[in-house]
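Chain letters run A, B, ... following the sequence lines, proteins first, then strands; residues in each count from 1.
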Amino acid sequence: MFLREIERKWQEAWEKAGIFEANPDSCKEKFFVTFPYPYMNGPLHVGHAFTASRVDAYARFKRMQGYNVLFPWAWHWTGQPLTGASQRVAKGDEAFIRVLREVDGVPEEELRKFVDPNYMATYYTNESRIAAKRAGFSVDWRREFNTIMPTFRKFVEWQYNSLRAKGYVTKGTHPVVWCPKCKSPTGDHDRQEGEGVTPEEYTLIKFKLEEDAYLPAATLRPETIYGVTNIWINPDATYVEARVNDEIWITSEKAAEKLKEQGKTVKIKRKLKGRELVGKNFENPVAKEKLPILPGWFVDPKHATGIVYSVPAHAPYDWLALKDLQEKPETLREFGLDPENVKKIKPISMIKVEGFSEYPAIEIVKELDVKDQYDSKAEEATKIIYKKEFHSGVLKENCMEYSGKTVQNVKEILIEDFRRRGIADFMYDLPQPVVCRCLTPCIVKVLQDQWFLKYSDPEWKEKVREALSRMKIYPKTATQWFLAVIDWLKEWACARRTGLGTPLPWCPGWIIETLSDSTIYMAFYTINKQIRRHDIKPKMLTKEVFNYIFYGKGIIEKIALKSGIDTKILEEMRKEFSYWYPVDLRVSAKELVPNHLTFFIFQHTALFPPEHWPKAIGVNGMLMIKGKQMHKSKGNFVPTKTVIEEYGADAMRCALILSSEGMDDPDWRNENARDVKNKLVSFYNFTQTINENAKSDEIGHLEKWLMSKLQHRIIEVTENLEEMKMRTALEIALFEIWNDFRWYMNRRGGEDTKILKDTLKIWVKLLAPFAPHICEEIWDGMKEKPFISLAEWPKANEESINAQAEGNESLIKEVIEDTLNILKATKITPQKICYYTASQWKWKIYMKILEKSRKGEVKLNEIMRELAAEEDLRGKLKEAAKFTSKVVQEVGRTPEKRRETLLKIGILKEKEVIDDAKGFLADKFKACIIVFSEDARDKYDPKLKAKLSVPFRPAIYIE
RNA sequence: GCGGGGGUGUCCGAGUCAGGUCAAAGGAGGCAGGCUUAGGACCUGCUGCCAUAGGGCUGCGUGGGUUCAAACCCCACCUCCCGCACCA
């Protein structure tokens, strides 16, 4: 196929000439673009290609504008998925292996070697590199690396030591969903069941039992403590009495186990059945009154502490359970409870909610007709009340110091107070069961000694906001999102136990987490060229070396001596970094906004001075395949390589760019790629015929029109590219300009003019960032010197903009439109079409009014007075007055921009223009065309249409 | 729940910040014709409804408002998509 041939040809030529290898050049302004390195547990797919095509088109655009552009590339190997995948191969997971074999097309002999994660990553990296090159990305490959290379690790070590030295790293605890068998956190993708479930923090209210022990009742609504009437214990469940830290707690057996994992020391003293506790009394720590423990079979001993306090006024379950006991006193006997006392228990109303009276729980139970505590509707009732009370609830006067406050506002404060006063503690639990892939039920574990990046630090956040405010964000709407993320970000655990990556330099056994080691690596691109060329060994890359390169700190001779790197090389590296930094543009899919892209800003502000903070971020949507998310397991995985083989690189790039803009998700459909491919081929053919046939030297108004139009196109394409509106830019460059050419050629007919060649040169340039190979080929065919990739980006030539020429053509277009309209309405098959152009005096008045409207309000009587003095209006004043008032009205309704355009066009020689287009019009309508001036005496005007003519709108008569 | 982004013709999608040239760009699809041995290629025209004169009607999620004028501004509502963490 000829497309593939020219692609290969030009890729080789580019590589041979090294035109994308960018070196510092003090005479040229630099532009540094980056693309987040792809994770190498699979081949490069069209999702990557989408973002990369946008980056590349931008890079090529900037290069043609004369910037010294650096577009480097690297590969992400750090993390769990690669090791996980490799282990699955090692274990012989057939389903998984089949996907690698069939979707990724990994040959059998390679597949076997995938038991080594490094091998697997190497394989995919090699495959992906080929794909990226075939896509024609204008990358400087000398700077390539992967994230577990020892030299890169030294860089990350420097990064983390520096962060720590600056106080951005802290140690703390952190709850995770944990598999007790695998002894590791169970992320969403590792789960058999319970996707999306995260630990919930329960407040434990410590109710004192008579015998100096506590009953920690778990709740999400600690504010309801002011409405407690009793505690529920499941009489049939097993509880334990245990020493928790330095107190005696009674909890369910399960809860004791959980607490052990949450940083508490737990020593179990004895087991007991729940019924042993029922009937006893406890003390409410806020009201200090004695309340009873009642049997509650609805209490789930597996959940939280297995102890629940009862607020029947505001919790449907509590009310239902209490009602049950009150209505069935016989159940109380076996616990030695006096039914009379239980009957005396009255709900305590303590939250005022709009739309409910005193006891919301009781009301909702009635309303939904919930039968008892086992009715499934009880759950729904609970949800409704919780929501309602949280959003619009206000604490009543019996809530001591919190009275009058809204539930929403008081919650956090109250929890804090209670903890401080020793009334409350907390624990984590899962709201729904989570089961690990290994089929073990998960728990919540509080990881000790975790290392965190202090993204919560208010000063740091402020700096990041400052950085953001200086940046350009494409599209603008994404800025809001960034701001929200900056606010929302908390401590980020930056180290893990498993997976590939760089060990935490000060704490062996921990590996720097993958999102955390990928934040400032763009700086590494700037120096990796030298590292590779001079074969600099990892151990030579000391802290001092990096401090010199990135900060210019230290005495170079000393550093050279100590590190073993030549001073000249050190200087070169420093120069390289200083030249390229900061990053001018980073482009990624929107999924990275809440993590990577924001971290990217955070860490730059932490480690670099403001002049090295990133300049711009482009965000785009996530690629879908026929409207669905791409997943290997779903069988809709589309590798870049396959697409290029089928449709060619240029078609892929253009189809991707045309598929969406802004943050909308692009949708990949093969038919689109096929269509674009056809378009590109016929574009190529079109250019060939022009090159062959363009002979005429003529330059008439149509040529002027084409040139003028093209100037606008240049401006539009350039402006849209600048704003990263790649699709709009390509749409104009490919479709709109094509339509201009079509109009011109149809309108003109006959032999092609030489001017087409000149305009074509501009057109090809405008397309070159998007479809570089085919444009390069056309460029070459036009005997231009290589390469179009380095050719100068077109600039609009103000002098070629010709409002009159454009006015002429839009007149023709409007005339056609109106004629068609009449034909459609009358269903006439035209024999003869007459056009009558407006009289000179009409034009005069029209222009006068336009002119005046520029300065402000147009006064009718003022104009009339002026007109009365005009010679040539004598005898026509009445008619002129009528006309004037009509025009004044019309102009009043015309937007300013349009009025300016009309003024620029000025008085059109309408008769001439239409006369000139006669042939074209006759051909179009298959009729005889006659043009008269309204003033002509001998005009053919049987229906007296001529007098209806208006400037820019000739009258029409058809028969 | 919290946060972010949307809803435009058969479909995709521009237009909304700065209201008026907006029955609404461009593309795709459909229809008709041309070119061709043929074509999923290419070219030309049409593609909301009504209308024997360039007009009228309906129309940009729904309802209301502001205005001489609303896809665009304001209010309310409905609805869809995405992210919520230690994971790339």
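When atom types are taken as modelled, the side chain of A:Glu513 and the backbone of A:Leu515 share a donor-acceptor pair closer than 3.5 angstrom.
Ring pair A:Phe599/A:Trp492: centre-to-centre distance below 6.0 Å. For an aromatic pair to be called close, the ring centres must be under 6.0 Å apart, and A:Phe683 with A:Trp763 satisfies this. Between A:Tyr957 and A:Tyr835, a ring centre-to-centre spacing not shorter than 6.0 Å is recorded. Ring-centre distance between A:Tyr455 and A:Tyr168: not below the 6.0 Å cut-off.
Spacing of C1' atoms, B:G48 relative to B:C22, comes out at 14 Å, to the nearest Å. Annotation: B:C73 and B:A18 have their C1' atoms spaced 11 Å apart (nearest Å). Look at the P atom in both B:C77 and B:C2: the space between them is 14 Å, to the nearest Å. Annotation: B:G15 and B:A70 have their C1' atoms spaced 13 Å apart (nearest Å). For B:C72 and B:U66, the P atoms lie 15 Å apart once the distance is rounded to whole Å. Straight-line distance between the C1' atoms of B:U10 and B:C46: roughly 15 Å, to the nearest whole Å. Across B:C81 and B:G30, the matching P atoms stand 29 Å from one another, rounded to whole Å. Separating the P atom of B:G5 from that of B:G56 is a span of 40 Å, rounded to the nearest Å.
Of the side-chain N and O atoms in A:Thr477, none sit less than 4.0 angstrom from OP1 or OP2 of B:G5. Phosphate proximity of B:A69 to A:Arg893: absent, as no side-chain N or O sits under 4.0 Å from OP1 or OP2. Neither OP1 nor OP2 of B:A18 sits under 4.0 Å from any side-chain N or O of A:Lys897. One finds no side-chain N or O of A:Lys943 lying less than 4.0 angstrom from the OP1 or OP2 phosphate oxygen of B:U52. Side-chain nitrogen and oxygen atoms of A:Asn739 include at least one within less than 4.0 Å of the OP1 or OP2 phosphate oxygen of B:G27. In this structure, A:Arg742 reaches the B:C43 phosphate: one of its side-chain N or O atoms is under 4.0 Å from OP1 or OP2.
The ring-ring contact (aromatic ring centres under 6.0 Å, His included) with A:Tyr39 is formed by just one residue from the set A:His48, A:His45, A:His76; it is A:His76. For the pairing with A:Ile956, the side chain to side chain contact (heavy atoms under 4.5 Å, CB included) check across A:Ile822, A:Leu948, A:Leu823 returns one residue only, A:Ile822.
Helical stems of RNA chain B (runs of at least 3 Watson-Crick or G-U pairs, donor-acceptor distances under 3.5 Å) are listed by first residue: B:1-7 with B:78-84, B:10-12 with B:26-28, B:29-34 with B:42-47, B:48-50 with B:55-57, B:61-65 with B:73-77.
Counting any heavy atom pair closer than 4.0 Å across all strands shown, A:His596 reaches no nucleic acid atom. If you check every strand for non-hydrogen atoms under 4.0 Å, A:Ala484 touches sugar and phosphate atoms only. Counting any heavy atom pair closer than 4.0 Å across all strands shown, A:Ala955 reaches a base atom. Across all strands, A:Glu817 comes closer than 4.0 Å to no nucleic acid atom at all (heavy-atom distances).
Judged by distance alone, with hydrogens and angles left aside, A:Asn821 brings no side-chain donor or acceptor close enough to the base of B:G54 to form a pair under 3.5 Å.
Take the nearest nucleotide of RNA chain B for A:Asn746 and for A:Asn672: the residue whose nucleotide is more 5' is A:Asn672. Of the two residues contacting RNA chain B, namely A:Thr498 and A:Lys490, the nearest-nucleotide position lying further toward the 5' end is that of A:Lys490.
Among pairs with a residue in residues 479-488 of chain A, those fulfilling salt bridge (charged side-chain N to carboxylate O under 4.0 Å, His left out) read A:Arg465-A:Asp487, at least two apart in sequence or across chains.
Between the P atom of B:C12 and the CG atom of A:Asp667 lies a distance of 10 Å, rounded to the nearest Å. A straight line from CE of A:Met622 to P of B:G83 spans 7 Å, rounded to a whole angstrom. Nucleotide B:G83 holds its P atom 16 Å from the CZ atom of A:Phe482, rounded to whole Å. In this structure, A:Leu948 atom CG and B:G55 atom C1' are separated by 13 Å, rounded to whole Å. Here B:G5 presents its P atom at 13 Å from CD1 of A:Ile473, a figure rounded to the nearest Å. Rounded to a whole Å, the CD atom of A:Glu896 is 11 Å from the C1' atom of B:A18. Between the CG atom of A:Leu658 and the P atom of B:A14 there is a distance of 12 Å, given to the nearest Å. B:G55 atom C1' lies 12 Å from atom NZ of A:Lys945, rounded to whole Å.
With B:G4, B:C46, B:A53 as the candidates, the nucleotide lying closest to the side chain of A:Leu820 is B:C46. With B:A88, B:G5, B:G29 as the candidates, the nucleotide lying closest to the side chain of A:Asp675 is B:G29. Each of B:G54, B:G5, B:C86 was ranked by its minimum atom distance to the side chain of A:Glu513; first place goes to B:C86.
Below 30°, between 30° and 60°, or above 60°: for A:Tyr836 and A:Phe932 the angle between ring planes is below 30°, a parallel geometry.
For the 3.5 Å distance criterion, the side chains of A:Asp517 and A:Thr78 qualify, holding a donor opposite an acceptor.
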